[in-house]
There are 4 protein chains.
Amino acid sequence: MDRSEKDDAERRAQERWLEELLRAAEDDHPKMTDKQARIVNAAIEIFAEKGYSAASTSEIASKAGVAEGTIFRHYKTKKELLFSIVSPLVAKLVAPLVLKDFFKVLETPYPNYESFLRAVIRNRSEFVRKHLPALRIMLQEIPFHPELREPYKDVVVEGVLPRIRRTVERFQAEGALRADFPSDAVIRLTVTSAIGFLFVRHILMPDYPWDEEAETERTIDFLMHGLAGPRG
Amino acid sequence: MDRSEKDDAERRAQERWLEELLRAAEDDHPKMTDKQARIVNAAIEIFAEKGYSAASTSEIASKAGVAEGTIFRHYKTKKELLFSIVSPLVAKLVAPLVLKDFFKVLETPYPNYESFLRAVIRNRSEFVRKHLPALRIMLQEIPFHPELREPYKDVVVEGVLPRIRRTVERFQAEGALRADFPSDAVIRLTVTSAIGFLFVRHILMPDYPWDEEAETERTIDFLMHGLAGPRG
Amino acid sequence: MDRSEKDDAERRAQERWLEELLRAAEDDHPKMTDKQARIVNAAIEIFAEKGYSAASTSEIASKAGVAEGTIFRHYKTKKELLFSIVSPLVAKLVAPLVLKDFFKVLETPYPNYESFLRAVIRNRSEFVRKHLPALRIMLQEIPFHPELREPYKDVVVEGVLPRIRRTVERFQAEGALRADFPSDAVIRLTVTSAIGFLFVRHILMPDYPWDEEAETERTIDFLMHGLAGPRG
Amino acid sequence: MDRSEKDDAERRAQERWLEELLRAAEDDHPKMTDKQARIVNAAIEIFAEKGYSAASTSEIASKAGVAEGTIFRHYKTKKELLFSIVSPLVAKLVAPLVLKDFFKVLETPYPNYESFLRAVIRNRSEFVRKHLPALRIMLQEIPFHPELREPYKDVVVEGVLPRIRRTVERFQAEGALRADFPSDAVIRLTVTSAIGFLFVRHILMPDYPWDEEAETERTIDFLMHGLAGPRG
DNA sequence: TATGAATGAGCCTTCATTCAT
DNA sequence: GATGAATGAAGGCTCATTCAT
């Protein structure tokens with residue numbers, strides 16, 4: 001009992017620490033004039049509502065309560081306005097993955113896939129809630145703007161993925177995750193389950209009376225059972 | 001042995017039957033003139049490539065090798081052209097769900113969640129491969145066109161979902177699926193895992209050297225373990 | 001008497017022949033629709049009146065009696081419209097200079113700088129009268145559009161000028177033109193006098209009651225006296 | 001010999017005196033703040049490079065290193081800035097013509113068309129070199145701004161021209177200039193030859209390796225031969 | 001006096017749609 | 001049915017000009 005209580009405490013500590021870490025990687029919002037902020041907010045609203053291409057700068061201007069020319073004083077083009085919204089978001093999504101400390105938690109004496117998932121899912125859920133409209137825009141526009149993906153492609157494929165793969169393989173070797181799946185499959189199933197949850201929760205059915213805590217736990221429980229190793 | 005062999009045969013029969021059923025619900029292609037077909041194909045290509053709003057009818061016309069006016073002889077508006085592509089697709093996606101026979105398989109003497117998943121996933125994978133560009137367009141445009149969702153909303157929420165829920169709950173009652181999850185959670189996890197697989201397989205990483213058969217089985221295995229009941 | 005009468009006849013024949021030659025190099029006007037012609041005419045009028053940059057396509061459209069969009073069906077950009085007016089004009093100005101036969105007249109048994117000048121000045125005067133507004137535009141815009149000059153630069157500098165130089169030098173050697181000037185100076189004085197006349201006549205003071213015939217002769221007479229060699 | 005030496009001395013004196021006179025009519029440059037001077041210089045550069053209409057005040061401001069608003073503190077409008085550059089130039093070009101003393105030289109005991117031309121051409125050549133970019137602008141914009149010409153029209157047509165005409169006619173009567181040309185033709189040929197030289201020298205081919213002294217003399221020699229009277 | 005953010009009219013250009021042939 | 005010239009509204013963007021600081 002003593003032992004597992006201590007473990008639990010450890011795990012909770014881990015989770016808190018990771019959430020801290022993730023949260024820390026997010027604050028920025030450079031100084032903006034009042035007008036600029038209104039432009040960005042109006043743009044987010046309208047891009048989210050009708051899509052980037054179908055949104056007109058004149059509509060954005062009038063919703064922001066500024067002259068159309070004012071938009072172009074702050075952003076050279078409509079596209080630059082879009083990118084000013086989406087780029088930092090993509091950056092913030094990738095940021096934690098490249099933090100030196102991000103995966104370190106899994107190398108602690110009490111490594112724990114479950115705690116890790118919990119921390120990440122919670123944090124990302126908060127993140128999604130906070131940036132929902134801009135994320136909608138990002139999902140819509142990323143397919144049409146390679147410039148948004150390009151800078152991160154190599155980082156993810158060559159930097160992040162191998163690290164995750166190694167981590168997963170260690171868990172598999174230790175018997176914590178099933179070893180009959182290639183590590184890539186484990187990653188895929190983990191990620192789609194987590195993102196699937198966030199997508200359904202925040203985008204597909206945001207108005208469903210979610211018990212977020214419970215649903216998060218269920219998703220994790222489902223994942224852990226689905227991926228459990230002999231020891232799991 | 002005899003028993004399980006018989007069961008296996010049954011299951012395979014079920015799967016085949018369901019795949020037949022799903023496939024049968026798909027053939028249509030109303031009579032189109034050659035020109036019309038070229039217009040639609042060009043539109044699919046260009047909508048997929050740059051999005052509906054950013055695509056121009058003149059570009060579609062020239063890719064289709066017809067005059068611009070010809071498009072408007074067949075489709076009153078650009079939007080009607082979009083809908084002529086996307087609407088039948090949405091219909092075909094919903095169609096099997098409302099087939100009287102679709103869930104009947106689950107009421108047979110050898111009900112089997114796993115077989116059911118296998119049949120559905122395989123069929124949808126084939127479906128996605130066949131309609132990939134149009135599905136891309138659908139995913140892009142559905143958020144901006146309630147008219148595309150509206151006709152199916154009630155059917156799904158009031159017709160399909162309750163039926164699935166009942167089915168899942170029967171499996172839970174029988175101990176085939178875990179009963180500690182609400183049926184909605186079971187459905188959500190099932191659907192997001194399946195769709196997640198199809199999305200990664202066909203849209204996110206279509207060029208990855210997939211072993212489709214194996215990956216499908218892994219996804220099902222993962223799901224079954226994640227959702228296994230005491231008997232599972 | 002006989003002799004000089006015969007010479008005179010020869011010279012007149014030469015002049016007629018050269019004028020023919022110059023005139024022949026000019027007819028084109030590719031097929032244009034009525035609308036296109038109206039657009040071009042309106043553009044010429046307005047470009048001439050207020051300059052290319054200060055002219056607006058909407059004004060051109062309304063003067064041409066067409067919709068603004070119609071302009072851009074025929075000319076991709078406003079600049080292309082400008083060039084469609086000016087480019088052929090520059091071409092036509094250079095064209096005679098590169099004709100094989102153009103300077104041949106000066107190699108005939110009765111070479112005659114004077115006749116040559118007369119033919120050229122008369123023809124160019126007619127040319128200017130015919131294309132006055134477009135020439136105005138050309139003069140205005142050529143400094144700002146190297147693309148208009150570039151194609152002819154080498155042709156003139158390497159092809160035409162040396163030929164003129166040789167011709168002038170032959171006249172100088174024969175004593176028909178003064179030999180104490182470099183050939184380049186002779187050319188410069190000839191050209192500026194001729195163009196100066198055309199400029200004053202058609203652009204600077206088009207409303208002055210010119211006796212064109214007399215003034216042309218005076219210009220030639222002035223030139224011939226100014227450039228006369230010992231034999232002249 | 002004595003006589004002609006004395007004449008030559010007279011002539012050189014005349015030339016020097018006239019050049020003095022012309023030069024004296026030019027100094028002005030009203031007091032300008034440093035900023036204003038930078039604005040004007042930047043404007044000259046940019047107007048000359050791309051034309052008045054195509055130049056933007058913001059580009060001028062940034063080249064001048066001042067804020068955009070600063071331009072409008074000194075010049076109510078962009079046009080006023082243009083005029084502040086061009087108007088004084090036009091004035092300076094006309095100024096010598098209306099000087100009481102300007103033609104007086106021609107009424108001295110040793111009147112001399114040639115000396116007069118030499119003095120004027122030299123002076124204007126210096127003038128052009130000094131004000132080249134602004135002169136370019138003037139040439140470009142004068143056709144579009146009657147306000148620039150208007151104030152001088154009457155002065156020139158009614159004041160200056162008749163005086164020149166009288167002078168020329170006196171030379172003709174004296175046999176110094178050919179009398180078979182109307183005085184207007186003599187004036188035209190003189191002016192276009194002189195301006196033609198300056199134009200070719202400074203604008204059309206500023207990079208040609210001019211021997212300015214020799215070329216000026218040739219131009220004058222050419223003019224004098226072309227216009228020589230029986231006595232010339 | 002100097003600034004530069006803000007303005008909004010107006011520019012060039014695109015585009016869905018119409019219609020005479 | 002098919003064409004493609006013509007349309008004109010609307011779009012993104014520029015620019016001379018104003019004004020609070």
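Residue numbers begin at 1 in each chain, while the letters A, B, ... track the order of the sequences. Keep in mind the model is a prediction, meaning the values are calculated, not measured.
Going from atom OG of A/Ser84 over to atom CE of A/Met32 covers 6.0 Å, rounded to the nearest 0.5 Å. Here the CG atom belonging to C/Leu82 is positioned 12.0 Å from the CZ atom belonging to C/Phe144, to the nearest 0.5 angstrom. Taken to the nearest 0.5 Å, the CD1 atom of B/Ile46 stands 8.5 Å off from the OG atom of B/Ser58. From A/Thr57, atom OG1 reaches atom CD1 of A/Ile71 across 5.5 Å, with rounding to the nearest 0.5 Å. A/Lys63 NZ to A/Ile39 CD1: the interatomic distance, rounded to the nearest 0.5 Å, is 14.5 Å. Distance check, rounded to the nearest 0.5 Å: OG of D/Ser56 to NZ of D/Lys78 gives 7.5 Å.
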Subject >> Intermediate values then yes/no, side chain to side chain contact (heavy atoms under 4.5 Å, CB included), C/Leu81 and C/Ile60 >> reply: CA-CA 11 Å; C/Leu81 173 56; C/Ile60 293 170; 4.2 Å; yes
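Of the possible polar contacts, none joining the D/Lys92 side chain to the D/Phe127 backbone as a donor-acceptor pair under 3.5 Å is found.
Among residues at least two apart or in separate chains, there is no ring pair (Phe, Tyr, Trp, His ring centres under 6.0 Å) pair with a member in residues 58-80 of chain D. For the salt bridge (Lys or Arg N to Asp or Glu O under 4.0 Å) condition, the pairs that include at least one residue of residues 51-60 of chain C, sequence neighbours left out, are C/Lys50-C/Glu59.
Residues forming a side chain to side chain donor-acceptor pair (under 3.5 Å) with A/Thr33 (at least two apart in sequence, or on another chain): none. Here A/Glu150 pairs with nothing under the side chain to side chain donor-acceptor pair (under 3.5 Å) rule; sequence neighbours left out. For B/Glu68, there are no salt bridge (charged side-chain N to carboxylate O under 4.0 Å, His left out) partners, not counting sequence neighbours. Looking at residues two or more places apart in sequence or on another chain, you find no side chain to side chain donor-acceptor pair (under 3.5 Å) involving B/Glu49.
Within a heavy-atom distance below 4.0 Å of DNA chain E, the residues of residues 70-77 of chain C found are C/Phe72, C/Thr77. The stretch residues 57-67 of chain B touches DNA chain F through B/Val66, B/Ala67, each having a heavy atom within less than 4.0 Å of the strand. Less than 4.0 Å separates DNA chain E from at least one heavy atom of each of the following residues of residues 48-56 of chain C: C/Ala55, C/Ser56.
Put simply, CD1 on A/Ile39 is 14 Å from P on F/dC13, counting in whole angstrom units. Computed from coordinates, the A/Lys79 NZ to F/dG11 C1' distance equals 17 Å when rounded to whole Å. At whole-Å resolution of the value, CZ in B/Arg38 and P in F/dG1 are 16 Å apart. Distance, C/Asp34 CG to F/dG4 C1': 17 Å, rounded to whole Å.
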Quiz: residues 132-142 of chain C side-chain donor-acceptor pairs under 3.5 angstrom, not counting sequence neighbours:
{"residue": "C/Glu141", "atom": "OE1", "partner": "C/His145", "partner atom": "NE2", "Å": "3.2"}
{"residue": "C/Glu141", "atom": "OE2", "partner": "C/Tyr52", "partner atom": "N", "Å": "3.4"}

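Protein chain A touches strand DNA chain E; the 5'-most and 3'-most nucleotides with an atom under 4.0 angstrom of its non-hydrogen atoms are E/dA5 to E/dG8.
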Original post:
If pairs are Watson-Crick or G-U with both distances under 3.5 Å, what is the dot-bracket string of DNA chain F, marking crossing pairs with [ ] and pairs to another strand with |?
Top reply: .||||||||||||||||||||
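With the nearest nucleotide of DNA chain F identified for both C/Gln36 and B/Lys35, B/Lys35 has the one nearer the 5' end.
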